[in-house]
Amino acid sequence: MDPLYINKEKITVLLPMDECIAAMETMFCSLANGDCLQPLRSIMWLPDKSGLLGMMPGYAKGPGISDHPGIPTHPGVMVLKAISIFPGNHEAGYPSHQGVVILFDGKNGTPLMFFDAAEITAIRTAAASAVATRLLSRKDSKVLAILGSGEQAEKHIEAILQVRNIDQINIWSRDSKKASALAKKLTPQYPVPIHATGNVREAIGNADIICTVTASKQPILTGDWIPKGAHINAVGSSTPAARELDTTAIKISKLFTDRYESLFNEAGDFLIPKSEGAITDQHVKGEIGEVLIGTKKGRESNDEITLFKSLGISAEDLFAAWHIYKKLNP
């Protein structure tokens with residue numbers, strides 16, 4: 001039988017945020033335990049730099065995939081995500097991210113299922129941030145600041161509210177009309193005051209959790225403005241030349257990531273301060289999975305500023321896709 005294609009609408013139903021958060025926690029632990037192969041993504045830019053095609057392979061074995069902890073030789077599954085990113089698409093009426101996730105059997109290479117890549121990416125990215133937030137933010141965090149007004153802004157609000165008792169949300173966007181529109185859209189959905197703010201400093205002034213989810217190539221978050229004890233999820237940039245946080249913000253933060261290799265090769269938020277001599281590789285405190293399994297320490301005081309630099313890795317796509325596959329093939 002030909003493998004099924006699972007579209008956006010079906011993914012929304014089959015991959016609710018709370019279940020995806022649990023899947024991402026399993027993924028981070030599997031990654032830290034050495035049960036995943038996680039190569040760097042390959043990127044092909046178009047000659048005019050208007051867009052790119054990203055190719056992200058991966059493999060996982062073990063309890064999170066096989067459901068048989070006593071059988072370490074389980075063949076596991078492979079994944080390939082092929083996704084195009086065209087930042088200018090919004091003006092033309094198209095999504096900026098489009099593509100497909102393909103799940104393969106690890107024993108014989110047979111394609112098992114195809115998925116809409118944009119929807120899986122949107123959900124699993126926010127879910128990964130939620131895992132980091134639950135792990136690194138103060139348990140009494142109440143105020144959430146969202147810098148950005150696109151799909152990831154909306155998904156991160158949904159995800160963070162799953163793991164912390166938030167009682168105020170501040171939204172900032174370079175387009176103030178979009179920030180106001182998002183606040184108006186979400187207000188009926190959540191029993192939490194949601195405010196569109198006029199500038200970044202106002203948005204983060206009393207924030208306990210800050211999520212940067214923009215397409216900016218230049219810093220929007222200045223370290224001098226970040227409150228003590230805040231936790232930051234830096235999500236929007238994933239190329240060496242782009243960053244959302246300035247050098248001071250990185251220097252004063254206790255830095256964690258999803259995967260060392262991705263951080264050291266792809267994260268402008270880290271690579272630019274490093275090139276300036278402001279930090280070294282030793283500034284990185286660990287991967288989220290290492291904190292989860294207890295081999296690295298996370299937050300150690302209420303005054304620390306913690307930072308999760310998210311690059312987005314194929315293991316996230318694999319575990320999200322596998323979760324859906326298992327639902328449809330119990």
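Computed from a predicted structure; not experimentally measured.
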- Stepwise side chain to side chain contact (heavy atoms under 4.5 Å, CB included) test for Asp317 and Met56: CA-CA 9 Å; Asp317 302 303; Met56 300 168 60; 3.8 Å; yes
- Task: Report the C-alpha distance between Ser173 and Asp175 in whole Å, list the side-chain angles of each, state the deciding distance to 0.1 Å, and finish with yes or no for side-chain hydrogen bond (donor to acceptor under 3.5 Å, both in side chains).
- Result: CA-CA 5 Å; Ser173 173; Asp175 187 331; 5.8 Å; no
- Task: Begin from the C-alpha positions of Ile6 and Phe114 and carry the test side chain to side chain contact (heavy atoms under 4.5 Å, CB included) through to its verdict.
- Result: CA-CA 6 Å; Ile6 310 302; Phe114 295 78; over 6 Å; no
- Item | Steps toward salt bridge (Lys or Arg N to Asp or Glu O under 4.0 Å) verdict (Asp208, Lys142) | CA-CA 6 Å; Asp208 303 303; Lys142 297 295 183 182; over 6 Å; no
- Could you check Lys155 against Glu119 for salt bridge (Lys or Arg N to Asp or Glu O under 4.0 Å), going step by step and ending with a plain yes or no? CA-CA 11 Å; Lys155 292 295 187 185; Glu119 189 64 11; 3.6 Å; yes
- side chain to side chain contact (heavy atoms under 4.5 Å, CB included) between Cys211 and Leu147: does it pass, once the steps are laid out? CA-CA 6 Å; Cys211 300; Leu147 307 185; over 6 Å; no
- Going through the checks in order, is the side chain to side chain contact (heavy atoms under 4.5 Å, CB included) test met by Lys81 and Thr121? CA-CA 10 Å; Lys81 180 164 79 172; Thr121 301; 2.8 Å; yes
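A side-chain donor from one of His231 and Asn233 sits under 3.5 Å from a side-chain acceptor of the other. Counting only N and O atoms by type, the side chains of Gln168 and Asn170 include a donor and acceptor under 3.5 Å apart. Thr214 and Glu244 share a side-chain donor-acceptor pair at under 3.5 Å. For the residue pair Ser314 and Arg41, no side-chain donor N or O sits within less than 3.5 Å of a side-chain acceptor on the partner. Checked by atom type, the side-chain pair Asp303/Ser301 shows no donor-acceptor distance below 3.5 Å. Side-chain atoms of Tyr260 and Gln38 include no donor-acceptor pair closer than 3.5 Å. Between the side chains of Thr280 and Gln282, at least one donor N or O lies within less than 3.5 Å of an accepting N or O. Glu316 and Thr125 are not linked by any side-chain donor-acceptor pair at a separation below 3.5 angstrom, with hydrogens and angles left out of the test. Of the N and O atoms on the side chains of Lys285 and Thr306, not one donor lies less than 3.5 Å from an acceptor on the other residue. Using a 3.5 Å distance cut-off with no hydrogens or angles, the side chains of Ser50 and Asp48 do pair a donor with an acceptor.
Remark: side-chain polar atoms of Arg299 are paired, donor with acceptor, to backbone N or O of Leu136 under 3.5 angstrom. In this structure, Asp35 contributes its side chain and Leu31 its backbone to no donor-acceptor pair below 3.5 Å. Judged purely by atom type and a 3.5 angstrom limit, Glu304 uses its side chain to pair as donor or acceptor with the backbone of Glu300. Counting only distance, with no hydrogens or angles, the side chain of His156 and the backbone of Glu151 share no donor-acceptor pair below 3.5 Å. Under a 3.5 Å cut-off, the side chain of Thr222 and the backbone N or O of Asp224 do not form any donor-acceptor pair. A donor-acceptor distance shorter than 3.5 angstrom exists from the side chain of Asn7 to the backbone of Glu9, with no hydrogens or angles considered. No donor-acceptor pair under 3.5 Å is formed between the side chain of Glu266 and the backbone N or O of Leu311.
When the side-chain contact (heavy atoms from CB on, under 4.5 Å) test is applied to Lys327, the partners found at least two apart in sequence or on another chain are Leu14, Pro16, Glu19, His323. With sequence neighbours left out, the salt bridge (charged side-chain N to carboxylate O under 4.0 Å, His left out) criterion links Asp258 to no other residue.
When all heavy atoms of Ile293 and Ala32 are compared, the closest pair comes out as CD1-CB, 3.7 Å. Contact between Phe104 and Gly109 at its shortest, heavy atoms only, is CD2-O, 3.4 Å. Across all non-hydrogen atoms, the minimal contact from Pro219 to Asp246 is CB-N, 3.6 Å. Nearest heavy atoms, Ala203 versus Trp172: CB-CB, 4.0 Å. Nearest heavy-atom pair, Ala153 versus Ile146, reported as atom, atom and distance to 0.1 Å: CB-CG2, 3.6 Å. The shortest non-hydrogen separation linking Ala132 to Ile288 is CB-CD1, 3.8 Å.
With values rounded to the nearest 0.5 angstrom, Ile209 atom CD1 is found 4.0 Å from Ser137 atom OG. Distance OH/Tyr59 to SG/Cys36: 9.5 Å, rounded to 0.5 Å. In this structure, Lys274 NZ and Thr247 OG1 are separated by 14.0 Å, a value rounded to the nearest 0.5 Å. Here the straight-line distance linking atom CD1 of Ile120 with atom CG of Leu15 works out to 6.5 Å at 0.5 Å rounding. The CD1 atom of Ile250 lies 9.5 Å from the CD1 atom of Ile272; values are rounded to the nearest 0.5 Å. Atom-to-atom distance recorded for Asp105:CG and Leu112:CG is 5.0 Å, nearest 0.5 angstrom.
A salt bridge between Arg138 and Asp140 is present, with a side-chain N of the basic residue lying under 4.0 Å from a carboxylate O of the acidic one. A salt bridge links Lys309 with Asp269; the closest basic N to acidic carboxylate O contact falls under 4.0 Å.
Within a 6.0 Å radius of CG in Asp281, more than 12 heavy atoms belonging to other residues, nucleotides or ligands are found. Surrounding OH of Tyr94 are at most 12 heavy atoms belonging to other residues, nucleotides or ligands under 6.0 Å away. The local environment of NZ in Lys10 is sparse, with at most 12 non-hydrogen atoms from other residues, nucleotides or ligands closer than 6.0 Å. The environment of Lys251 atom NZ is sparse: at most 12 non-hydrogen atoms of other residues, nucleotides or ligands sit within 6.0 angstrom.
Hydrophobic clustering keeps Val200 apart from Ile169 (ILVMFWY residues linked when any side-chain heavy atoms are closer than 4.5 Å, directly or through intermediates).
Classified by interplanar angle (parallel below 30°, tilted 30° to 60°, perpendicular above 60°), the ring pair Phe270/Phe264 is tilted.
Considering only heavy atoms from C-beta on, Leu307 stays 4.5 Å or farther from Phe256 through its side chain. Between Val131 and Leu292 there is a side-chain heavy-atom pair separated by less than 4.5 Å. A 4.5 Å side-chain heavy-atom check between Pro95 and Phe86 finds every atom pair outside the cut-off. Side-chain contact between Asp116 and Tyr5: present, with at least one pair of heavy atoms (C-beta onward) separated by less than 4.5 Å. For the pair Lys296/Glu287, no side-chain contact is recorded, criterion being any heavy-atom separation below 4.5 Å from C-beta on. Looking at Trp322 and Val79, their side chains never come closer than 4.5 Å, going by heavy atoms from C-beta outward. Side chains of Arg134 and Glu25 form a contact here, defined as non-hydrogen atoms less than 4.5 Å apart. Inter-residue side-chain proximity for Ile204 and Leu221 is flagged as met; some heavy-atom pair is nearer than 4.5 Å.
The side-chain hydrogen bond (donor to acceptor under 3.5 Å, both in side chains) pairs that include a residue from residues 176-204 are Glu154-Lys185, where partners are two or more places apart or lie in different chains.
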